[in-house]
> 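Structure in structure tokens, see below.
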Amino acid sequence: MKHYVMSGMEAAFVFIEGLGVIVIVGGVSWGVLGYLRDRLRGGFAGDELFQQFRLRMGRALLLGLEMLVAADVIRTVAIEPTLSNAALLGVIVLIRTFISWTLVLDLENRWPWQAGSRDVTS
């Protein structure tokens, strides 16, 4: 029975990790295609076009990173619960948190814990 549970956890890890990669690659593709479409249509001015591109890319990156962290949690907690894996997970979560905060601040001009889209200078 334990073997089946471990196999299930490993399958979940591989699935979620793969899904995270697909989301990042798909998000980059979506961002580039959206940028090209908007540029050809002339729907946005230069700076606004770039901001829309960054917003698409940032959202896809954040979602993909969340999935990769979820996969790492499964691996660390359920598959290989060692102290070194837990330490590595902690470092990964810190890096992901820093990237997430940086992206939210850059894309939405607010800190992640602030509601709405308020300016960080207010």
Side-chain angles (χ1 to χ4, degrees):
M1 180 70 171
K2 183 179 177 182
H3 174 69
Y4 293 118
V5 172
M6 291 303 289
S7 294
M9 292 296 171
E10 288 172 3
F13 164 72
V14 170
F15 176 76
I16 295 171
E17 189 173 53
L19 193 58
V21 171
I22 289 170
V23 165
I24 291 172
V25 171
V28 168
S29 301
W30 177 61
V32 169
L33 291 174
Y35 174 83
L36 293 173
R37 182 197 65 224
D38 291 343
R39 183 150 178 98
L40 291 174
R41 287 184 182 169
F44 295 104
D47 190 44
E48 190 177 357
L49 179 66
F50 179 68
Q51 291 301 324
Q52 286 296 319
F53 174 68
R54 289 179 57 210
L55 186 62
R56 288 182 187 120
M57 299 287 285
R59 286 180 176 164
L61 182 59
L62 282 172
L63 182 58
L65 287 172
E66 292 289 341
M67 291 178 177
L68 292 174
V69 168
D72 285 333
V73 168
I74 290 170
R75 184 188 68 201
T76 300
V77 172
I79 299 172
E80 299 174 29
T82 65
L83 189 55
S84 62
N85 281 346
L88 181 61
L89 177 63
V91 170
I92 290 169
V93 169
L94 283 174
I95 292 169
R96 198 232 32 102
T97 301
F98 176 76
I99 291 171
S100 174
W101 285 5
T102 303
L103 285 170
V104 169
L105 182 60
D106 194 39
L107 295 173
E108 299 179 13
N109 202 28
R110 67 177 180 86
W111 293 107
W113 52 86
Q114 289 178 317
S117 58
R118 295 180 4 215
D119 192 314
V120 293
T121 59
S122 57

> Distance-only, no hydrogens or angles: does the Arg110 side chain make a donor-acceptor pair with backbone N or O of Gln114 under 3.5 Å?
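Yes.
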> Check step by step if side-chain contact (heavy atoms from CB on, under 4.5 Å) holds for Val14 and Arg75.
CA-CA 9 Å; Val14 170; Arg75 184 188 68 201; over 6 Å; no
> If you measure from CG on Asp47 to CD on Gln52, what distance do you get to the nearest 0.5 Å?
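Atom-to-atom, Asp47:CG and Gln52:CD are 11.0 Å apart.
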> Asp72 and Phe13: which non-hydrogen atoms are nearest, and at how many Å?
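Heavy atoms of Asp72 and Phe13 come nearest at OD1-CE1, 4.2 Å.
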> Group every Ile, Leu, Val, Met, Phe, Trp and Tyr by side-chain heavy-atom contacts under 4.5 Å, then state whether Leu63 and Val93 land in the same group.
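Different clusters: Leu63 never reaches Val93 through Ile, Leu, Val, Met, Phe, Trp or Tyr contacts under 4.5 Å.
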> Might you point out which heavy atoms bring Gly27 and Ala60 nearest each other, and give the distance in Å?
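Looking at all heavy atoms of both residues, the shortest contact is CA-CB, 3.2 Å.
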> If you round to the nearest 0.5 Å, how far is CG of Leu62 from CH2 of Trp101?
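Here the interatomic distance stands at 13.5 Å.
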> Does the pair Trp30 and Tyr35 meet the rule for a side-chain contact (heavy atoms from CB on, under 4.5 Å), with working shown?
CA-CA 8 Å; Trp30 177 61; Tyr35 174 83; over 6 Å; no
> Once you round to the nearest 0.5 Å, how far does CG of Leu61 lie from CD of Glu66?
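So the CG of Leu61 and the CD of Glu66 are separated by 10.5 Å.
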> Are Leu19 and Ile92 in one and the same hydrophobic cluster, where Ile, Leu, Val, Met, Phe, Trp and Tyr link if side-chain heavy atoms are under 4.5 Å apart?
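In one cluster: no.
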> Enter the distance from Glu80:CD to Glu10:CD here, rounded to the nearest 0.5 Å.
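Glu80 atom CD to Glu10 atom CD measures 8.0 Å (nearest 0.5 Å).
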> Can you get from Tyr4 to Met9 by hopping between Ile, Leu, Val, Met, Phe, Trp and Tyr side chains that sit under 4.5 Å apart?
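Not linked; separate clusters.
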> How close do Leu65 and Ile99 get, counting heavy atoms only, and between which atoms?
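Result for this residue pair: CD1-CG2, 3.7 Å.
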> Is there a path of hydrophobic side-chain contacts, each under 4.5 Å between heavy atoms of I/L/V/M/F/W/Y residues, joining Val23 to Phe15?
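Per the 4.5 Å side-chain linkage, Phe15 and Val23 are co-clustered.
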> Where do Leu68 and Ile24 land on the side-chain contact (heavy atoms from CB on, under 4.5 Å) test, with the steps shown first?
CA-CA 10 Å; Leu68 292 174; Ile24 291 172; 4.0 Å; yes
> Between Asp38 and Arg41, does a salt bridge (charged side-chain N to carboxylate O under 4.0 Å, His left out) hold up when you go through it step by step?
CA-CA 5 Å; Asp38 291 343; Arg41 287 184 182 169; 5.3 Å; no
> Please say yes or no: joined through hydrophobic side-chain contacts below 4.5 Å, possibly via intermediate residues, are Met57 and Leu36 part of one cluster?
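Cluster IDs for Met57 and Leu36 match.
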> Find the distance between CD1 (Ile79) and OG (Ser7) and round it off to the nearest 0.5 Å.
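The distance works out to 9.5 Å.
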> From Leu89 CG over to Ile74 CD1, what is the distance, rounded to the nearest 0.5 angstrom?
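Between Leu89 CG and Ile74 CD1, I get 11.0 Å after rounding to 0.5 Å.
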